[in-house]
Amino acid sequence: MKILTLSDLWPPYPGGAERMTCNLTLALQERGAEVLVLTSYGKMLGFEHGPAASFSGGVPVHFRNIGCRANNRHEQGWDCIRNFVAEHKPDIILTHQFFPDEFREELPTLGIPIVQIVHASPRWPYVKFAIYNSEYTRKRHTISDKDMVIHPPAFEDCVASFHGKAIGFIKPVSHKGVDLVYKIAEKLPHRHFVVLRGEWWHFDKLSNLPNVEYIAPVDNMRDFYRRCQLMLVPSTVEDAGTVPQEATLNGIPCISTGAGGLVETNAGGLIIPEHDLDGWLFQIENLLKIPTAYSAVVERQRAHLQTFNWKNKFDKLYQSMLELCNETR
């Protein structure tokens, strides 16, 4: 079975959709699939480098100038995808977010089964089955019997060997709750905050607070997590959330809101309403001053991640995709 993964971006860009798509692709390869990736990684975003080896996992990642969504890439992007499919002849396509939306008229004409990872985008009726990143996402769509929920998986490729003292936050945009982070940083001037910038820099909301440091996307997420001892995810909108899982693998507690799928992915961590600034401040200081409280959150969240049953779900996904390929041959 040859699988083509279509993804707007690819790690190290710190997008949850891209990380989930990458990790599912690696899991399918581990189970015996031949996989390759087509991405528009793109110098248009201001970065010249490709992904680090730790993110590629041996998967052939092909970078093409599919174009930027903001620049009406439709005709150029479709020609690139069609030619790539004609050259490599995949048995099945795994894709997410914007590709099924932008090329919804064209993708079915390829005559290849399509499996969609559904995040914020619609579930398109032409896909053979869908993967939802949370029960919260699944409940918003009409589903088929073959559809499944796989919470964003986290692998060992992000685990740092040691931790610094910073409070970490990823993507300084409004819906990720950056305004609350700045309020917290202002109230805790003795704490150092490290903010990992996202892939669309023109959307970033930056502050000149002296205790807030900004860093560009890193080739290896270990470089970010090794600086942090606590992660904040104060999102106002979140379909699932990858940070709680990766933080837990790194032995770092995560405090989040209960927005959307975060009530599932951070159920073992600490969940505080976004409007409760005093609650955030108390829990941050409590965790950083009391080692037993700190470790208890990590262990509780690690136990919660066991309920996601990733191995069994990866096995089921691989089998479902293999059966789909056999049906269409």
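Numbering starts at 1 and runs along the sequence shown. Computed from a prediction, not measured in an experiment: that's the story for all the values here.
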Looking at [X] and [Y], does any basic side-chain N land under 4.0 Å from a carboxylate oxygen?
{"X": "K171", "Y": "D204", "answer": "no"}
{"X": "K2", "Y": "D91", "answer": "no"}
{"X": "K89", "Y": "E34", "answer": "no"}
{"X": "R227", "Y": "E213", "answer": "yes"}
{"X": "D315", "Y": "K311", "answer": "yes"}
{"X": "E327", "Y": "K128", "answer": "no"}

Atom [atom1] of residue position [X] - does it have more than 12 heavy atoms of other residues, nucleotides or ligands inside 6.0 Å?
{"X": "K165", "atom1": "NZ", "value": "no"}
{"X": "K183", "atom1": "NZ", "value": "no"}
{"X": "F203", "atom1": "CZ", "value": "no"}

Nearest heavy atoms of [X] and [Y], plus distance in Å:
{"X": "Q301", "Y": "G268", "value": "OE1-N, 2.9 Å"}
{"X": "I170", "Y": "Y225", "value": "CD1-OH, 4.2 Å"}
{"X": "G269", "Y": "V297", "value": "CA-CG1, 3.9 Å"}
{"X": "A27", "Y": "F155", "value": "CB-CZ, 4.4 Å"}
{"X": "S207", "Y": "Y214", "value": "N-OH, 2.6 Å"}
{"X": "T95", "Y": "P100", "value": "CG2-CG, 3.6 Å"}

Can you confirm whether the side chains of [X] and [Y] place a donor and an acceptor under 3.5 Å from each other?
{"X": "H96", "Y": "S7", "answer": "yes"}
{"X": "E264", "Y": "Y136", "answer": "no"}
{"X": "H192", "Y": "N211", "answer": "no"}

Taking the side chain as every heavy atom from C-beta outward, state whether [X] and [Y] have any atom pair closer than 4.5 Å.
{"X": "I117", "Y": "M20", "value": "yes"}
{"X": "I150", "Y": "F314", "value": "yes"}
{"X": "S235", "Y": "L262", "value": "yes"}
{"X": "P90", "Y": "I112", "value": "yes"}
{"X": "I255", "Y": "W280", "value": "yes"}
{"X": "H304", "Y": "E299", "value": "no"}
{"X": "E105", "Y": "F103", "value": "no"}
{"X": "I131", "Y": "Q116", "value": "no"}

Donor-acceptor contact present, side-chain [X] to main-chain [Y], <3.5 Å:
{"X": "R104", "Y": "D101", "result": "yes"}
{"X": "T236", "Y": "H175", "result": "yes"}
{"X": "R222", "Y": "V159", "result": "yes"}
{"X": "N286", "Y": "F282", "result": "no"}
{"X": "D276", "Y": "G279", "result": "yes"}
{"X": "Q245", "Y": "G241", "result": "yes"}

Roughly how far, to the nearest 0.5 Å, is the [atom2] atom of [Y] from the [atom1] atom of [X]?
{"X": "I81", "Y": "L110", "atom1": "CD1", "atom2": "CG", "answer": "8.5 Å"}
{"X": "L94", "Y": "I114", "atom1": "CG", "atom2": "CD1", "answer": "10.5 Å"}
{"X": "H190", "Y": "L288", "atom1": "NE2", "atom2": "CG", "answer": "8.0 Å"}
{"X": "S121", "Y": "E102", "atom1": "OG", "atom2": "CD", "answer": "10.5 Å"}
{"X": "R82", "Y": "C80", "atom1": "CZ", "atom2": "SG", "answer": "10.5 Å"}
{"X": "Q283", "Y": "L232", "atom1": "CD", "atom2": "CG", "answer": "12.0 Å"}

Check against side chain to side chain contact (heavy atoms under 4.5 Å, CB included), D147 and R123 = CA-CA 10 Å; D147 288 356; R123 182 208 188 279; 2.9 Å; yes
key: Within the 6.0 Å centroid threshold, strictly below: H141 and Y132   =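 Ring centres of Y132 and H141 closer than 6.0 Å.
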task = Run through C158, C254, P152, P153 and flag the one making a side chain to side chain contact (heavy atoms under 4.5 Å, CB included) with E246.
result =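 When C158, C254, P152, P153 are each tested with E246, the side chain to side chain contact (heavy atoms under 4.5 Å, CB included) holds only for C158.
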Joint hydrophobic cluster, [X] plus [Y], side-chain heavy atoms closer than 4.5 Å:
{"X": "Y294", "Y": "L281", "result": "yes"}
{"X": "V237", "Y": "V118", "result": "no"}
{"X": "I252", "Y": "V194", "result": "yes"}
{"X": "I143", "Y": "L324", "result": "no"}
{"X": "L317", "Y": "V149", "result": "no"}

I3 vs M321, side chain to side chain contact (heavy atoms under 4.5 Å, CB included): CA-CA, chis, key distance, verdict = CA-CA 9 Å; I3 300 172; M321 293 180 76; 3.9 Å; yes
key: Pairwise side chain to side chain donor-acceptor pair (under 3.5 Å) hits with a residue in residues 249-263, at least two apart   = S256-N266
query = Angle class for the F84/H88 ring planes (parallel below 30°, perpendicular above 60°, tilted otherwise)?
reply = tilted
ask   = Of D239, N133, T21, which meets side-chain hydrogen bond (donor to acceptor under 3.5 Å, both in side chains) against H119?
value = N133
query = Could you go step by step and tell me if F129 and M148 meet the side chain to side chain contact (heavy atoms under 4.5 Å, CB included) rule?
reply = CA-CA 8 Å; F129 69 87; M148 64 181 71; 4.3 Å; yes
query = Listed by chain and number, what are the salt bridge (charged side-chain N to carboxylate O under 4.0 Å, His left out) partners of E135, not counting sequence neighbours?
reply = R138
request  = Run the numbers on V173 and R197 for side chain to side chain contact (heavy atoms under 4.5 Å, CB included), then give the verdict.
outcome  = CA-CA 9 Å; V173 295; R197 299 187 68 171; over 6 Å; no
